[in-house]
Amino acid sequence: MKPQMKNEIDTHIRFNNWAPSLVGWYRRVKRDLPWRRSKCAYAIWVSEVMLQQTQVITVIPYYQRFMERFPDVFALAGASEEEVQELWRGLGYYSRARRLWEGARYVVRTTGGRMPEDFASLLMIPGVGEYTAGAIASIAYGECVPAIDGNVKRVLSRLLRWEEDVDKAKSYRFFLEYIKIVLPADCPGDFNQGLMELGATVCTPKNPKCELCPLQVDCQGYSLGNPTVYPVKKSREKVKEVLRPTLILVCEGRVLLKKRPSEGLLANLWEFPGEELILDSLADYSWYDLYKTQVIDRSYDEIVEELLQAKTNVQGPLVHTFSHRRWQMYWVVLNLDAGQSLDVHNSEQTIRESSSDYLGSEDRTCWLDVSQLERIALPVAFQKIWSTATGITESVSNSC
DNA sequence: AAAACGGGGAC
DNA sequence: GTCCCAGTTTT
């Protein structure tokens, strides 16, 4: 540690022996959460990955379904990515699911399925970073290592009146060294969880319940009067505006789906064919060109062209916001039933088998029975389009 | 050091 | 609408 940082820490440390207060408080009030009923490293791992950037209340049902289906690292490693993504649908940050799955396969491949039992070994698992490795090591194995997440940074920034942007690397390094000093060797798991539990239930971003805080007398932010000026955040994100024309091709109770690329946004998930456009409007947009570039099978060209010429009923917009991008979604519904019979060489069976490796395969499209839409990994954005489109369709047919 | 990566809960 | 959540990887 740099001497400068040591001095910085010393200036922040009073006679603080607040760790026992925190641990005592945690043991008294901790919530009864599914993953806290297990000391199994795999169970902790699954919960920690799900809890990345996701609130406890959202995770609980996903965690229970996941552990029921994949009770151990063998079960997860033996599954297909498609199957894992189906259980993850709606949870977001889908690369987490793929990395967890890859991590399970890594563990089975390298150790035969025995979970690594120390921080450094856990850190080698793909998808496991410093936080997750620290959480598993301290909670499952009692190893004396920090686990610093957003909650911990918020609590410490208030406790110590940390004036710098908490998202900077320097802040993380400081919190890391500080925690190493105050971390109790006999109960690192409860200490780490206590800090996170405090951030989640008492030292909240807005309206912190300082009257319930076990660290109130130690808290410099509280003594200042307004702890919510911390944490200081300067980082600011700009949201990109993007148009998203989408094709809903329906035939004989099936709808055309396409598998997204294996990298980037919503990787390997299903979508209705379409593209992203950085334009101001869809004026003069050629939906037929979109169809020609997105659908490789040329069997439907004639009827699609006919339908688009007859009356291109563009619907939308429907807005869907990601953390860094906003889609303005427009779509056309094309019913091909009047045309030739559907080529059903692709079906639900194909989806399951085609899950993991599409590299080298040119046609990523597939006809799926509409009743199966709720069972596959279809991102929320496209669920929204589908429910809106079918809702409108039904109301129109009802009114006719 | 900064950007990419989702969705939902809370207000 | 806004903010933010038991973060990791890639550039």
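Every value quoted in this text rests on a predicted model; they were computed, and no experiment measured them.
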On the 0 to 90° scale, with breaks at 30° and 60°, tag the [X]-[Y] ring pair as parallel, tilted or perpendicular.
X        : Y        : result
A:Trp162 : A:Phe174 : parallel
A:Tyr178 : A:Trp18  : parallel
A:Tyr291 : A:Tyr288 : parallel

Integer-rounded Å distance: [N] [atom2] and [X] [atom1]:
X        : N      : atom1 : atom2 : result
A:Glu263 : C:dT11 : CD    : C1'   : 12 Å
A:Asn192 : C:dG7  : CG    : P     : 13 Å
A:Met124 : C:dT9  : CE    : P     : 13 Å
A:Ile148 : C:dT8  : CD1   : P     : 11 Å
A:Tyr172 : C:dT9  : OH    : C1'   : 15 Å
A:Tyr93  : C:dT10 : OH    : C1'   : 14 Å
A:Leu91  : C:dC5  : CG    : C1'   : 12 Å
A:Asp190 : C:dA6  : CG    : P     : 18 Å

Quick one: do A:Asp301 and A:Lys292 make a salt bridge, cutoff under 4.0 Å?
no

Say we look at [N] and [M]: how far apart would their [atom1] atoms be, to the nearest angstrom?
N     : M      : atom1 : result
B:dG6 : C:dC4  : C1'   : 13 Å
C:dA6 : B:dC11 : P     : 14 Å
B:dG7 : C:dT10 : C1'   : 22 Å

Side-chain donor-acceptor pair under 3.5 Å between A:Lys258 and A:Gln294, yes or no?
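The criterion, which ignores hydrogens and geometry beyond distance, is satisfied for A:Gln294 and A:Lys258.
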
Could you go through A:Leu334 and A:Leu308, starting from their C-alpha distance and side-chain angles, then the distance that decides it, and tell me whether this counts as side-chain contact (heavy atoms from CB on, under 4.5 Å)?
CA-CA 8 Å; A:Leu334 299 177; A:Leu308 283 173; 4.1 Å; yes

Tell me what [X] touches on the nucleic acid: a base, only sugar-phosphate, or nothing, going by heavy atoms under 4.0 Å.
X        : value
A:Ala135 : nothing
A:Gly264 : sugar-phosphate
A:Arg36  : base
A:Trp35  : base
A:Thr132 : sugar-phosphate
A:Gln193 : nothing

Using a cut-off of strictly less than 4.0 Å between a heavy atom of the residue and any atom of DNA chain B, enumerate the qualifying residues of residues 48-67 of chain A by number.
A:Gln53, A:Thr54, A:Gln55, A:Ile57, A:Thr58

First encountered from the 5' end of DNA chain C, between A:Pro126 and A:Leu33:
A:Leu33

Given DNA chain C, 5'-ward residue of the pair A:Arg326 and A:Ile125, judged by closest heavy atom
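The residue mapped nearer the 5' terminus is A:Arg326.
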
Identify whether NZ of Lys or CZ of Arg in [X] sits under 6.0 Å from the centre of the six-membered ring of [Y] and within 45° of that ring's axis.
X        : Y        : result
A:Arg105 : A:Trp101 : yes
A:Arg254 : A:Trp367 : no
A:Arg98  : A:Tyr94  : no

DNA chain B: 5'-proximal contact among A:Lys238 and A:Ser323 (nearest heavy atom)
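Per heavy-atom nearest nucleotide, the more 5' residue is A:Lys238.
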
Among A:Lys170, A:Lys153, A:Arg173, whose salt bridge (charged side-chain N to carboxylate O under 4.0 Å, His left out) with A:Glu164 holds?
A:Lys170

Just the endpoints, please: which first and last nucleotides of DNA chain B, 5' to 3', lie under 4.0 Å from a heavy atom of chain A?
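Endpoints of the contacted stretch of DNA chain B: B:dA1 to B:dG9.
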
